[in-house]
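Have a look at the structure below before the remarks.
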Amino acid sequence: MPLQLDENVKALGSRAQAQLTEQFARIDAIAQENTARVLAAFQEHRVAESYFSGTTGYGYDDLGRDKLDEIYAQLFGTEAALVRLQFVNGTHAITAALFGALKAGDVLVSAVGAPYDTMLGAIGVVDKGHGSLKDYGVEYRQVELLDNKPDLDGMAKAVADPKVKAVLIQRSKGYATRASLSVDEIGEMCQVIKKANPNAAIIVDNCYGEFVEEKEPTHVGADLVVGSLIKNPGGGLAPTGGYLAGRRDLIEGAAMRLTVPGIGGECGCTLGQNRSLYQGLFLAPHTVAQAVKTAVFAAKVMELLGYDTEPRSDAVRHDIIQMIHMREPEALKKFCRGIQFGAPVDSYVTPEPWDMPGYDCPVIMAAGAFIQGASIELSADAPMRPPYTVYLQGGLTFESGRLGVLLAVQELLGRA
Ligand SMILES: *Cc1c(COP(=O)(O)O)cnc(C)c1O
């Protein structure tokens, strides 16, 4: 019986949770505020059953799709938005944003070190010759971190060149070791960038950040936010897709890249999925709170066991990711195995490290999700190299996330 928890593990869980009342109250308050914003947007746009029916074929005049764009625009405080199932993942949506904003001779600057691994091929840092931005004549520059923090002076210098037409800011750390950025920090960066170059579009990779705070980067100066629907804003229900919200010209540029220049966002049927996008967005503030609670709980439990965590359990959160330094490979594998045993889907499989394309060492992944690869559902992954750090994220319900974490701990400690 894999779900059988030892008494000592149960006690550890209770002890951890008892020390988290303050954090949990803060997380609940944010979820309350964001739920009110979402509900207000639904009501102002008079959401009705007829929005859920959707289209086939070309997808012209899809009322539910077009209204959802408006609702996203309202939530992110922007002129326009594009929410589409046709984005195959977050990388695709971010790439469409970059291709829409840049043309030959322009320069793209990444403001906080290297972007997310999968963006390297799209930009042309690696894998040249497949139609990357670089192949199309867009130059790429990168502002390195200073003491693992954003370098505001370096940013001002790097963007001052008038050829710089877009600046990419990644809110979440991804697989980097820097801290994820708060919305206020992004606001400060936007001020510096706008002062040095008012014409550069500030594009924020918003993955894992949506609804973790009460504001979004577009409320503090970003021109565009982009993310994945199988992460936070899909609320665990969206079956696939991505979104952008921002300045109208940037949304149109991205839409022309997603489909065809001259057609843009007019086409793109929804195949009866509008309901899950609406319902997912409605649930998203709550679901994100469940994932953040799971992250904070995992941090606390592992701290009680003497492990180093980032962020610490008492830190204010800016995304749903929890890093735990497992220190040695066996401990890392056991932890991931336990997470897998706690999943509602594929709980019987044993994750093993494998050579994933694009990584320089084997990677181990634990996930048992209703939606393939959905990392708003509880999942853990780790490159097999020192300090054997596991990246834990998601949890559709705190109750199930909590169980997953405790099973991981039990696997780690061994049965009593
Ligand atoms: C998930 C993620 C992406 C996009 O990844 P996909 O797997 O393509 O959806 C980009 N940036 C960050 C920081 C992410 O967490």
Side-chain angles (χ1 to χ4, degrees), residues 2-3 5 13 16-17 20 23-24 26-35 38-39 83 85 89-90 172 206-213 227-243 273-301 317-322 324 335-349 351 365-381 390-409:
L3 270 184
L5 285 175
Q17 199 169 337
L20 293 172
Q23 284 90 319
F24 280 21
R26 185 162 61 207
I27 295 163
D28 286 337
I30 293 169
Q32 181 66 64
E33 187 62 31
N34 285 330
T35 296
V38 170
L39 195 52
V83 186
L85 296 163
N89 54 26
S172 175
N206 209 24
C207 285
Y208 285 138
E210 300 90 351
F211 299 122
V212 173
E213 299 186 43
S228 164
L229 295 187
I230 63 168
K231 293 180 181 171
N232 304 14
L237 292 188
T240 186
Y243 79 92
Q273 294 299 327
N274 278 340
R275 186 190 309 273
S276 46
L277 301 195
Y278 275 88
Q279 199 173 355
L281 178 61
F282 173 70
L283 289 177
H286 177 74
T287 309
V288 168
Q290 302 300 293
V292 177
K293 282 183 180 175
T294 301
V296 169
F297 177 77
K300 190 69 188 184
V301 166
R317 300 288 160 143
H318 306 305
D319 65 11
I320 65 169
I321 299 188
Q322 182 62 51
I324 304 159
F335 187 91
C336 289
R337 246 180 256 153
I339 293 291
Q340 188 76 40
F341 293 161
V345 181
D346 294 337
S347 63
Y348 52 86
V349 306
M365 293 193 159
F370 293 99
I371 305 287
Q372 188 192 96
S375 40
I376 188 63
E377 302 187 46
L378 185 63
S379 48
D381 38 72
V390 62
Y391 294 76
L392 181 81
Q393 61 273 314
L396 288 180
T397 65
F398 172 64
E399 294 80 4
S400 62
R402 183 185 194 282
L403 268 177
V405 169
L406 291 181
L407 283 167
V409 166

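Remember, it's a predicted structure, so these values are computed and weren't measured experimentally.
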Query raised in the report: To the nearest 0.5 Å, what is the distance between CG (Leu378) and CD (Gln290)?
Result: 12.0 Å

Query raised in the report: Rounded to the nearest 0.5 Å, what separation is found between the NE2 atom of His286 and the CD1 atom of Ile27?
Result: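 So the NE2 of His286 and the CD1 of Ile27 are separated by 12.0 Å.
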
Atom of [X], atom of [Y] and distance for their closest heavy-atom approach:
| X | Y | result |
| --- | --- | --- |
| Ile339 | Gly404 | CD1-O, 3.6 Å |
| Leu396 | Gly236 | CD2-CA, 3.7 Å |
| Gly338 | Leu407 | O-CB, 3.6 Å |
| Thr35 | Pro285 | OG1-CB, 3.6 Å |
| Asp319 | Ser172 | OD2-OG, 2.8 Å |
| Glu377 | Ala369 | OE1-CA, 3.1 Å |

For [X], which residues count as a side chain to side chain contact (heavy atoms under 4.5 Å, CB included) partner, sequence neighbours excluded?
| X | value |
| --- | --- |
| Ala367 | Ser379 |
| Asp346 | Gln340, Tyr348, Val349 |
| Phe282 | Leu39, Phe42 |
| Ala238 | Leu229, Leu277 |

Query raised in the report: With side chains defined as the heavy atoms from C-beta onward, is the minimum distance between Val405 and Leu392 less than 4.5 Å?
Result: yes

Query raised in the report: Does the side chain of Met365 come within less than 4.5 Å of Cys336's, by heavy atoms?
Result: no

Requested in this report: Go through the steps for Ile320 and Val288 under the test side-chain contact (heavy atoms from CB on, under 4.5 Å), then give the verdict.
Outcome: CA-CA 7 Å; Ile320 65 169; Val288 168; 4.2 Å; yes

Report task. Please test Tyr278 against Leu237 for side-chain contact (heavy atoms from CB on, under 4.5 Å), starting from the C-alpha separation and ending with a verdict. Result -> CA-CA 9 Å; Tyr278 275 88; Leu237 292 188; over 6 Å; no

Residues in side chain to side chain donor-acceptor pair (under 3.5 Å) contact with [X], at least two apart in sequence or another chain:
| X | answer |
| --- | --- |
| Asn89 | none |
| Thr397 | Ser400 |
| Thr287 | none |

Report summary line: Residues at least two apart in sequence or cross-chain that pass ring-ring contact (aromatic ring centres under 6.0 Å, His included) with Phe24, listed by chain then number, are Phe398

**Report entry** Contact list for residues 274-288, test salt bridge (Lys or Arg N to Asp or Glu O under 4.0 Å), sequence neighbours left out
**Finding:**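 Listed by first then second residue: Glu49-Arg275.
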
Query - Sequence neighbours excluded - side chain to side chain donor-acceptor pair (under 3.5 Å) pairs with any residue from residues 229-243 - result: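 For residues 229-243, and leaving out neighbouring residues, the side chain to side chain donor-acceptor pair (under 3.5 Å) pairs sorted by first residue read Asn206-Tyr243, Glu210-Tyr243.
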
Query raised in the report: Who are the salt bridge (charged side-chain N to carboxylate O under 4.0 Å, His left out) partners of Arg26, not counting sequence neighbours?
Result: none

**Report entry** Lys300: salt bridge (charged side-chain N to carboxylate O under 4.0 Å, His left out) partners, not counting sequence neighbours
**Finding:**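 Scan of Lys300 (salt bridge (charged side-chain N to carboxylate O under 4.0 Å, His left out), adjacent residues dropped) gives none.
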
Report task. Evaluate the side-chain contact (heavy atoms from CB on, under 4.5 Å) criterion for residues Lys293 and Arg402: first the C-alpha distance (whole Å), next the side-chain angles of each, then the deciding distance (0.1 Å), finally the verdict. Result -> CA-CA 9 Å; Lys293 282 183 180 175; Arg402 183 185 194 282; over 6 Å; no

Query - Candidate pair Gln322 and Arg317, rule side-chain contact (heavy atoms from CB on, under 4.5 Å), full reasoning - result: CA-CA 10 Å; Gln322 182 62 51; Arg317 300 288 160 143; 2.6 Å; yes

